[in-house]
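Shown next, in structure tokens, is the structure this report addresses.
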Amino acid sequence: MAKNWAIAIGINQYNNLQHLNYAKLDAEAMRDWFGKEARFDQVFLFTDDSPPIATNPPIPTQPTYGNLRRFLRANFEKPLLEPGDNLWFFFAGHGCREGDRDYLMLIDSDPGDVEHTAISVDFVTQRLRRSGADNVVLFLDACRDEGSRLGKGIGEEHQGVVTFYSCSPSQKSYEIEQLQHGSFTQALLEGLRIAGEGNCATVERLDRYLQVRVPAINQMHRKTRQNPYAIAEPATKLHLILLPDYATLNDINQLKIDAYQAEVIGDWELARQLWLRVNVAAGGSDPDVKKAWIRIDRQKAQSSTSPRNPESVTSSWGDRSVTPELQVFNFDVVTVNAKSQEVKREKSQSQYFTEDLGNGVILEMVEIPSGKFLMGSSAEEGRDNEKPQHQVTIESFFMGKHPVTQAQWRKVAALPEVNRDLQANPSQFKGDNRPVEKVSWYDAVEFCDRLSQHTNKQYRLPSEAEWEYACRAGTTSPFHFGETITTELANYDGTFTYASEPKGKNRQQTTDVGSFPPNGFGLYDMHGNVWEWCQDDWHSTYKGAPADGSAWFDDNNQLYQKEGRAALRGGSWIFNARICRSASRLNYDGAERDLISYLTGFRVVCAFGRILQ
């Protein structure tokens, strides 16, 4: 279990600087949050009159230059913590910048001799990193000076840590009399206490919250503008999970992406740190972590004996070796409320590889990380065929970023036949980037077989569980967008409303793939456009459904010997929003496998669990 330590410092009474009013209260409030709410294992408080630390001999805690420097030097000389542990450092008081270094001003600091009487932030970070914790987070509610006599305020990057600054170097950090706190500390405590939707579990989200909330507090209390910000070194630590109890599946998935990317470039130490954070956030239950540690140890051993190209990672696919190149793409994840009002927009990124199908036509395959989710609908919502709701464990896989397009279909349809003939242009609504439709389940399976033979990778249709897990992308709301959708977010019949959103369009045809925002995994068109075939036999309920994410078959017939109905997911351009929910399944007791319809397409899954092995 990861350990959490914190140091909270607040100075009101200065010997050589103007006194402050609420820095001590700020530190005490943070001490209480660390100890009582976040349940940190150790909290060290340094204020004007804080009691000594009960050791033998006792350690004085008045934050003078000598006391604080001695505490940092003596107690963090040898590692007391371990990788995966957290060490937070909070400071409220005066700060300044001199000689290109950031300094924290202590009780006895002399503004005329800063370098010898104040403690540099570099020294603080150097000592804290010696603790052994690989997650050191600084909150500096400093720059509280009344003028320019202390020079430029602090605000630089410090190696290997995440630093939150209360204001920009040219600004003042305000104390608010009505709150008896600094505006930054007030906002920080508010942000750390947000649970559920909109929580500040990650560095990135807490930073965004502070950037909005601190100026709002200042405006409310008629103070001039104050703009806090965070700097992470390395930049991937912006996705660091600060509060594992509040972390979402998307937060963990983003850390996984960062960890994989660190592996790709050969930064094994960073990769191990990030995988440790995944392990902590997932409560030690994520199966990818152990695989990653084994993989990192093996790659480190290989890199010590042979040169390695950091731009690619070699994997074995079937009989031959290929070198797929992992790439990262960035996107915005949109969340709306029941009135279709945008309530959140977050930056995210995912990892993917491409298949070159020729003449500029590519197939993009996005990594879907492993995890657990509740499949189906609760008793109060949804249809009978979406019940009972049940937990499913999913192993990682790769899924098409979009439904298969007509251009992709033509390229694969031109490949050698495996079991059946394919028409080159079956779709009713023509367009290279529109989804292919009017293809049966058998046609979709033939497409996968030809693609598998051509690439020597195993392509197939997704199971129903994989499809819904990928669609939800860590959400539990009716749509991955939130409580509803609009025709600005998906292609469906918007003349019928789902919640409190206004009526929208009915386009009466398919649209180009990727025309609307993606979900948290970076998948497009999971709601609407075309129904998508899944592998499974149709079942009218989930009673007896597998819990491991595999396709649910009634017998062991070969795929081409299958008869009867298969499952379709996602809704289409002709259906209303209710039929396009994440949990929705085709509501005519399934569809015959030989169904040909301008409502029906598919996307593919690459069954090889990971590129990095």
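We use all heavy atoms of the structure for the numbers below, so side chains are in, but hydrogens, waters and symmetry mates are not.
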Just by modelled atom types, is the Ser515 backbone N or O under 3.5 Å from a matching donor or acceptor in the Asp512 side chain? no
Are Thr125 and Val136 packed together at the side-chain level, in the sense that at least one heavy-atom pair is separated by less than 4.5 angstrom? no
Which value, rounded to the nearest 0.5 Å, describes the distance between Phe331 atom CZ and Glu346 atom CD? 10.5 Å
With a 3.5 Å distance limit and no angle check, can you tell me whether Lys256 reaches the backbone of Asp251 through a side-chain donor-acceptor pair? no
Counting distance only, does the side-chain N/O of Ser463 pair as donor-acceptor with the main-chain N or O of Gly549 below 3.5 Å? yes
Between Glu532 and Leu568, is there a side-chain heavy-atom distance shorter than 4.5 Å? no
Residue pair Phe602, Phe447: steps toward the ring pair (Phe, Tyr, Trp, His ring centres under 6.0 Å) verdict: CA-CA 10 Å; Phe602 68 103; Phe447 179 98; 5.2 Å; yes
Spatial distance of atom NE2 (His454) from atom CG (Asp449) [nearest 0.5 Å]: 14.5 Å
Arg272/Asp297 ion pair, N-O < 4.0 Å: yes
In plain terms, say whether Glu204 and Lys347 are close enough for a salt bridge, that is, a side-chain N and a carboxylate O under 4.0 Å apart. no
Taking C-beta and beyond as the side chain, do His239 and Thr202 meet within less than 4.5 Å on heavy atoms? no
Check whether Trp538 forms a cation-pi arrangement with Arg565 (NZ or CZ under 6.0 Å from the six-membered ring centre, at most 45° off the ring normal). no
For Phe90 and Leu138: C-alpha separation, side-chain torsions, deciding distance, then whether side chain to side chain contact (heavy atoms under 4.5 Å, CB included) applies. CA-CA 6 Å; Phe90 173 85; Leu138 277 62; over 6 Å; no
Nearest heavy-atom neighbours spanning Cys606 and Phe397: O-CB, 3.9 Å
What distance separates Leu210 CG from Leu188 CG, expressed to the nearest 0.5 Å? 6.0 Å
Within-4.5 Å side-chain heavy-atom neighbours: Pro518 and Leu523: no
Can you check whether Lys457's main-chain N or O pairs, donor with acceptor, with Ser452's side chain at less than 3.5 Å? yes
How long is the gap from CD on Gln351 to CG on Asp258, to the nearest 0.5 Å? 9.5 Å
I'd like to know whether the aromatic ring centres of Trp533 and Trp467 sit less than 6.0 Å apart in this structure. no
Using a 4.5 Å cut-off on heavy atoms from C-beta on, say whether the side chain of Leu451 contacts that of Leu363. yes
Asp537 with Arg593: basic N within carboxylate O range, under 4.0 Å: yes
Evaluate the side-chain proximity of Pro388 to Lys543: yes if any heavy-atom separation is below 4.5 Å, no if none is. yes
Strictly by modelled atom types, are Asp207 and Gln211 linked by a side-chain donor-acceptor pair under 3.5 Å? yes
As a test of understanding, state which of Tyr229, Trp88, Tyr209, Phe139 forms a ring pair (Phe, Tyr, Trp, His ring centres under 6.0 Å) with Phe164. Phe139
With Ser584 as partner, the option from Arg569, His527, Glu386, Glu468 fulfilling side chain to side chain contact (heavy atoms under 4.5 Å, CB included) is Glu386
Looking at Asn4, is its backbone amide N or carbonyl O close enough to the side chain of Asn86 to form a donor-acceptor pair, meaning the two atoms are under 3.5 Å apart? no
Can you name the closest pair of heavy atoms from Asp41 and Lys3 and give their distance? OD2-CA, 3.2 Å
Heavy atoms only: give me the nearest Asn385-Arg585 pair and the separation to one decimal. O-NH1, 2.5 Å
Row check, Phe329 ring normal vs Lys401 NZ/CZ: under 6.0 Å, within 45°: yes
Which atoms form the tightest heavy-atom contact between Lys344 and Gly198, and what is the distance? NZ-N, 4.2 Å
Can you see whether Ser440 engages Asp443 through a side-chain donor-acceptor pair at a distance of less than 3.5 angstrom? yes
Classify the side-chain pair Glu355/Tyr459 by whether it contains a donor and acceptor separated by less than 3.5 Å. yes
Taking the inter-plane angle between the rings of Tyr469 and Phe521 on a 0 to 90° scale, is it parallel (under 30°), tilted (30 to 60°) or perpendicular (over 60°)? tilted
Is any side-chain N of the basic residue among Arg345 and Glu342 closer than 4.0 Å to the acidic one's carboxylate O? yes
Smallest separation among heavy atoms of Leu238 and Ala232, with atom names: N-CB, 3.7 Å
Where does the angle between the aromatic ring planes of His539 and Trp552 fall among parallel (under 30°), tilted (30 to 60°) and perpendicular (over 60°)? parallel
Using distance alone, with no hydrogens and no angle criterion, decide if Thr405 and Asn433 have a side-chain donor and acceptor under 3.5 Å apart. no
Is the side chain of Arg205 donor-acceptor paired with the backbone N or O of Asn199 at a distance under 3.5 Å, no angle test? yes
Please give me the minimum heavy-atom distance between Gln389 and Gly376, naming the atom from each residue. NE2-O, 3.4 Å
What is the distance from atom CH2 of Trp531 to atom OG1 of Thr600, rounded to the nearest 0.5 Å? 8.5 Å
Salt bridge or not for Glu466 and Arg460, using N-O below 4.0 Å? yes
Please confirm whether Phe398 and Phe353 have ring centers closer than 6.0 angstrom. yes
Using 0.5 Å steps for rounding, measure from the CE atom of Met399 to the CZ atom of Arg603. 6.0 Å
Intermediate values then yes/no, side chain to side chain contact (heavy atoms under 4.5 Å, CB included), Ser350 and Val366: CA-CA 7 Å; Ser350 286; Val366 176; 4.0 Å; yes
Apply side chain to side chain contact (heavy atoms under 4.5 Å, CB included) to Asn135 and Arg277, showing your working. CA-CA 9 Å; Asn135 300 299; Arg277 299 312 301 159; 2.8 Å; yes
Just by distance, do the side chain of Glu446 and the backbone of Arg420 share a donor-acceptor pair under 3.5 Å? yes
Take Leu461 and Cys448, measure what side chain to side chain contact (heavy atoms under 4.5 Å, CB included) needs, and give me the verdict at the end. CA-CA 7 Å; Leu461 295 176; Cys448 294; 4.2 Å; yes
Between Asp286 (side chain only) and Asn279 (backbone N and O only), is there a donor and an acceptor less than 3.5 Å apart? no
Does the pair Asp356/Lys411 count as a salt bridge with the N-to-O cut at 4.0 Å? no
Any side-chain heavy-atom pair of Leu206 and Leu192 under 4.5 Å: yes
Would a 4.5 Å heavy-atom cut-off, applied to side chains only, mark Val392 and Asp548 as touching? no
If we count only N and O atoms by modelled type, under 3.5 Å, do the side chains of Gln349 and Asn330 hold a donor and an acceptor together? yes
If we ignore hydrogens and angles and just use 3.5 Å, is the side chain of Arg581 paired with the main-chain N or O of Pro478 as donor and acceptor? no
Is the backbone N or O of Asn529 less than 3.5 Å from a side-chain atom of Asp525, with the two atoms forming a donor-acceptor pair by type? no
Trp5 vs Phe40, ring pair (Phe, Tyr, Trp, His ring centres under 6.0 Å): CA-CA, chis, key distance, verdict: CA-CA 6 Å; Trp5 285 18; Phe40 272 40; over 10 Å; no
